[in-house]
Amino acid sequence: MECTDMQLLRRCSTAASVNEDYVMDRVIKLVKKFDKIDAAKVTEKADFQKDLSLDSLDRVELVMAFEEEFSVEIPDAEADKLKCCADVAKYVISSSNEKVSETS
């Protein structure tokens with residue numbers, strides 16, 4: 001059975017969506033485990049500083065946890081741009097896509 005381009009696109013889109021949801025779930029779970037955060041306040045868009053009251057040292061610790069969890073290196077300039085769980089998930093996904101394209 002041959003796949004049309006549209007069927008292939010749908011499969012890839014579904015896989016990408018599942019991957020994004022999986023990464024987002026992992027990011028949110030990790031943030032909720034952080035001892036200085038009220039887990040009830042953690043959402044995809046909750047700002048680490050404004051909504052979750054993390055100071056700069058807390059954010060550094062959180063970035064280190066993301067690096068360990070996802071086996072990625074997050075440069076300081078990029079880490080400063082990560083304001084919420086959605087930002088982290090996007091960064092992790094784009095970072096993993098870059099690794100895949102480098103190995104191809």
Side-chain angles (χ1 to χ4, degrees):
M1 180 169 154
E2 280 188 48
C3 287
T4 66
D5 289 341
M6 187 56 87
Q7 288 171 325
L8 187 58
L9 179 60
R10 281 190 193 126
R11 285 186 191 163
C12 289
S13 297
T14 302
S17 176
V18 169
N19 186 42
E20 290 172 15
D21 291 344
Y22 176 70
V23 170
M24 181 62 74
D25 287 345
R26 284 177 61 190
V27 169
I28 289 173
K29 285 179 184 172
L30 186 63
V31 173
K32 284 182 176 183
K33 285 184 193 176
F34 198 69
D35 61 347
K36 298 176 183 175
I37 292 178
D38 178 358
K41 293 182 179 180
V42 177
T43 65
E44 288 182 23
K45 296 289 185 180
D47 187 284
F48 294 139
Q49 184 176 0
K50 295 175 188 168
D51 301 322
L52 303 178
S53 304
L54 295 182
D55 63 24
S56 57
L57 184 56
D58 295 332
R59 291 181 60 205
V60 168
E61 289 180 36
L62 199 54
V63 167
M64 290 171 55
F66 295 138
E67 290 177 323
E68 186 175 321
E69 176 74 15
F70 295 103
S71 300
V72 296
E73 187 173 325
I74 306 173
D76 292 342
E78 292 300 316
D80 291 340
K81 297 175 189 174
L82 304 177
K83 305 290 184 195
C84 62
C85 292
D87 292 344
V88 175
K90 286 178 194 170
Y91 182 85
V92 168
I93 291 166
S94 67
S95 177
S96 66
N97 289 340
E98 287 174 14
K99 286 182 183 179
V100 169
S101 65
E102 288 174 6
T103 59
S104 298

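Below, all heavy atoms of this structure are taken into account, side chains as well, without hydrogens, waters or symmetry copies.
Under the side chain to side chain contact (heavy atoms under 4.5 Å, CB included) criterion, D47 pairs with Q49, K50, D51, K83, sequence neighbours left out. Taking K81 as the reference, E78 meet the side chain to side chain donor-acceptor pair (under 3.5 Å) condition, with sequence neighbours excluded. Taking the side chain to side chain donor-acceptor pair (under 3.5 Å) definition, one finds that R26 meets it with E69, sequence neighbours left out.
Closest non-hydrogen pair, R59 versus D80, comes out as NH2-O, 3.6 Å. K45 approaches A86 most closely through the heavy-atom pair NZ-CB, 4.0 Å. For the residue pair C84 and A46, the shortest heavy atom distance occurs at CB-O, 3.3 Å. In terms of heavy-atom proximity, L82 sits nearest to F48 at O-CD1, 3.6 Å. Nearest heavy-atom pair, V72 versus S95, reported as atom, atom and distance to 0.1 Å: CG1-OG, 3.7 Å. Across all non-hydrogen atoms, the minimal contact from F66 to L30 is CD2-CD2, 3.4 Å.
Residue F70 holds its CZ atom at 8.5 Å from CD1 of I93, rounded to the nearest 0.5 Å.
One N or O on the side chain of S94 and one on the backbone of K90 form a donor-acceptor pair closer than 3.5 Å. Side chain of E67 to main chain of I74: a donor-acceptor pair is present (N/O by atom type, distance under 3.5 Å, no hydrogens or angles).
Atom CG of D76 has 12 or fewer heavy atoms from other residues, nucleotides or ligands within 6.0 Å.
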So L54 and F34, side-chain contact (heavy atoms from CB on, under 4.5 Å) or not? Walk me through it.
CA-CA 10 Å; L54 295 182; F34 198 69; 3.9 Å; yes

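Counting heavy atoms from C-beta on, the side chains of L52 and D58 never come closer than 4.5 Å.
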